Amino acid sequence: MSTLEQIRQRPILIISILGVALLLFILTAVDRPQELFSDNHTVAKVDGEKIDYLEFQKRVEQVQQNYQNQGYNDMDRDRLQTEVLQEMIQEALLKKEYERLGLTVTDNELSKAILGEKPHPYVMQMMQQMGVGDPKMFYEAVTNPTKQGIQDPQQIAQLRDAWSALEKQTEEMLMASKFQNLLMGSLNANKLDAQAAYAEATKSWTVAQAVKDASTLPDKGFEPTDAELKAEYEAQKGLFRMAEPTRVISYVSVDVLPSEKDLQAARQIVNKAIADLRLNNGTEGLADNNAFVINRVNTTASAMAPQLRNALPRLQADTVIEVSFMNNTYTLAKLIGATSQVDSVLVDIAMVADAAMTDSVMAKLNSGLKVADLGNDKVQGSDSIWASLVDPQMAAFKEEIANAETGTYFAPKAAPQRGMLLRVRQRKAPVTVYDIAQATYVVEPSAETVDKLNADLRTFLSSNNTPEKFSANAVKAGYSPFDSYVTPGTLQVANLRDSRNVCKWALGAKKGEVSGVFTDERGSRLMGAALVDIFNGDYLPLSDKEVKNYITQRVTTRKKAEKLAADFKGKGKTVAEYAQAMGVAVDTTTVSFGRGADAVLSANVAVSKKGQLVGPVVTNRGISVFQIVNEDTQARPFNFGQDSQAFGYTQGGMSFQRSFGAVLRGNKKIDNRIQKFYSARQD
């Protein structure tokens, strides 16, 4: 029988073999075959709804760009990613709530908010941030860019993206506003609520009291029993709710800094640099020294950075000086020269949105009209702006402004876009402008120093390979141990930058394991950690060290206070007699119900009569024997509007907002995969 005939007679077997072969080929051809069968693009799931990685990454880039536009160029990316994802999780929760309530924003509402006669203040604020004066002008540029002189396809695409973002953010704002109004409307105060808030806000008591703090007794002899701890834990359990499975680590962090030997070597390098700068013209003395970063400063004394300005007299006398040594960074300065220049110029600026109108607008302004007189929303102006010609940002305009005729508008040739008009109104007298070369030198730890820090930490971790040894011996070895919680959504240990790798280790380690040495991305810190415990329930258990310490302290304080109350009961007939018996001074204080003082004390004061001796009362911190000496009610009438608002702050809508995130989340399941997601891409 031929091979072809055998294939024809066994089609199912052959197809199966071919399928297996194809699958094996695919599995060996891709770098991460397990990703073919996993949900590889979900960074988090919110009650079943997925947050896509690409959308998340896009949002991160947008937020990072916004920060950079504001001058923040060294953002902690891990922290940024955490904040963005939390924001997207909140948005997903809100979206579900909007759907449940049937809330929508119509096209008409959106159009009115952006392009109506009176655009929404939120839209106008966004316009200001974008440098656009009018939403209608922005809309015209988006829908008809060629009319506005915009030809570049990339710029047109950017405009359309910006408009889409404006629409999306405005819609979200309107939806949030509707939800807010609905929520706040359901938590308004009635007259009884407002009257109760009025009574609380307007009434206070002056109290004379003798206070004995529980800390005056030693803890020994007042140790809580297991039953007492368990009962108090159950009473306070809500404080310890976990949003995610949690792991407890103990860690040490070592800053990689120069040793004393490194600093001594750096001092010699700096001394030589100062000598070389003195012996050579300009900055030629450091021309071949890449360790120094040179920055040329051309400015007036008033505009200098404070340190340099304070050092100016020394610099003028010596020409080359050491300005400072801070954070292992030397700053040197050399005075290259000084000139007399016009610095401050008072100018008026007019911006014309339609470039074709520039010449006619300039003619009208030079005829004596003001921008406001033109009645044209495509022309905007700012008067009386002091500009510094020494400022590097003014370099392109410096020559034209310096030589321009005062009192006449002109279109600067150096303007990056058409439509700008300038008028010089006044020039101040010339001032001294200093030409200074600043040289900075960062003292880096030597390879020998880094190797020793690594070796020492590695030795400690290998010698103390259990959490108990880790914590017990860290201080002896010169380290400071700290505890921290790590969850699947944690990208940082205790807000330490570039500590994601420690979190990744903790999520994959077994209880009782001790890590190796971790280094951050910049090589500026070493870390080591021990996995102390793993918690997978809904609450942090009583066995957690932080929880147990808190509960133990509460029970111990209460037991000591109860002992003090029993010891001093009946020891006086006045506050002064009790104070003498307690060995304390009489304290006079003002108590307003629900505010300021110990909550237990406030509650007791509120139900006591003036002149009545009360106590000893067990409070949150010890005991108190008090007497109300005066009741004070503010001399203002009840005002429903004012007092209902006060109710809102303490018990109504404003109070609810403080816990809104937790309420919104409720018992919804949130699967934060960010650490696992990124770990899978960083191996």
Side-chain angles (χ1 to χ4, degrees), residues 192-224 228-229 231-232 235-236 238-239 549-638 642-643 646-647 649-651 655 658:
L192 291 176
D193 294 328
Q195 286 176 335
Y198 167 75
E200 291 180 8
T202 57
K203 191 170 184 179
S204 62
W205 300 267
T206 302
V207 174
Q209 64 172 341
V211 176
K212 186 76 170 178
D213 202 289
S215 62
T216 56
L217 292 179
D219 289 350
K220 188 174 181 180
F222 298 95
E223 295 85 355
E228 289 171 331
L229 289 175
E232 184 66 20
Q236 304 295 327
L239 297 174
N549 286 344
Y550 176 80
I551 295 298
T552 300
Q553 186 61 42
R554 283 185 62 90
V555 176
T556 302
T557 298
R558 185 171 63 243
K559 292 181 74 170
K560 290 194 291 185
E562 289 170 349
K563 176 68 166 58
L564 289 172
D567 288 347
F568 289 105
K569 184 177 182 180
K571 296 295 183 180
K573 296 182 179 179
T574 65
V575 173
E577 289 179 3
Y578 268 105
Q580 185 176 10
M582 294 178 186
V584 299
V586 175
D587 174 42
T588 301
T589 186
T590 300
V591 175
S592 297
F593 184 68
R595 292 177 294 171
D598 185 298
V600 177
L601 175 63
S602 297
N604 278 274
V605 169
V607 296
S608 299
K609 297 179 180 179
K610 181 179 178 180
Q612 177 186 2
L613 184 68
V614 181
V617 173
V618 174
T619 68
N620 289 328
R621 52 176 287 192
I623 62 170
S624 171
V625 176
F626 69 86
Q627 185 178 44
I628 299 174
V629 296
N630 189 39
E631 295 181 350
D632 181 33
T633 301
Q634 295 180 21
R636 75 165 178 84
F638 170 71
Q642 180 178 348
D643 293 308
F647 172 84
Y649 277 107
T650 58
Q651 302 174 61
S655 174
R658 291 192 287 270

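Bear in mind the structure is a predicted one, so any value in this text is a computation, not a measurement.
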Heavy atoms, side chains only, cut-off 4.5 Å: are [X] and [Y] in contact?
X    : Y    : answer
F222 : L217 : yes
V605 : I628 : yes
Q209 : V586 : no
Q627 : V207 : no
V625 : L613 : yes

From [atom1] ([X]) to [atom2] ([Y]), nearest 0.5 Å:
X    : Y    : atom1 : atom2 : value
K560 : D567 : NZ    : CG    : 13.5 Å
R554 : N549 : CZ    : CG    : 14.0 Å
E228 : I551 : CD    : CD1   : 12.5 Å
S624 : D587 : OG    : CG    : 8.5 Å
T589 : W205 : OG1   : CH2   : 12.5 Å

Side chain [X], main chain [Y], donor-acceptor under 3.5 Å:
X    : Y    : answer
Y578 : G570 : yes
Q612 : K609 : yes
K212 : M582 : yes

(message) Can you give me the closest heavy-atom contact between V555 and P224, atom names plus distance?
(response)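 So the minimum-distance heavy-atom pair works out to CG1-CB, 3.6 Å.
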(message) Using every non-hydrogen atom in the two residues, find where E577 and K573 come nearest and quote the distance to one decimal.
(response)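 The answer is OE1-N, 2.6 Å.
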(request) Count the heavy atoms belonging to other residues, nucleotides or ligands that lie under 6.0 Å from CD of Q580, then report whether that count exceeds 12. (result)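 For Q580, atom CD is not crowded (no more than 12 foreign heavy atoms under 6.0 Å).
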Cut-off 3.5 Å, no hydrogens considered: what does the side-chain donor-acceptor table look like for residues 614-623, sequence neighbours left out?
residue	atom	partner	partner atom	Å
T619	OG1	R621	N	3.4
T619	OG1	G622	N	3.2
T619	OG1	G622	O	3.3
R621	NE	D213	OD2	3.2
R621	NH2	D213	OD2	3.1

(message) Any salt bridge linking E223 with K559? Criterion: basic side-chain nitrogen under 4.0 Å from a carboxylate oxygen.
(response)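 A salt bridge is absent here (no side-chain N lies under 4.0 Å from a carboxylate O).
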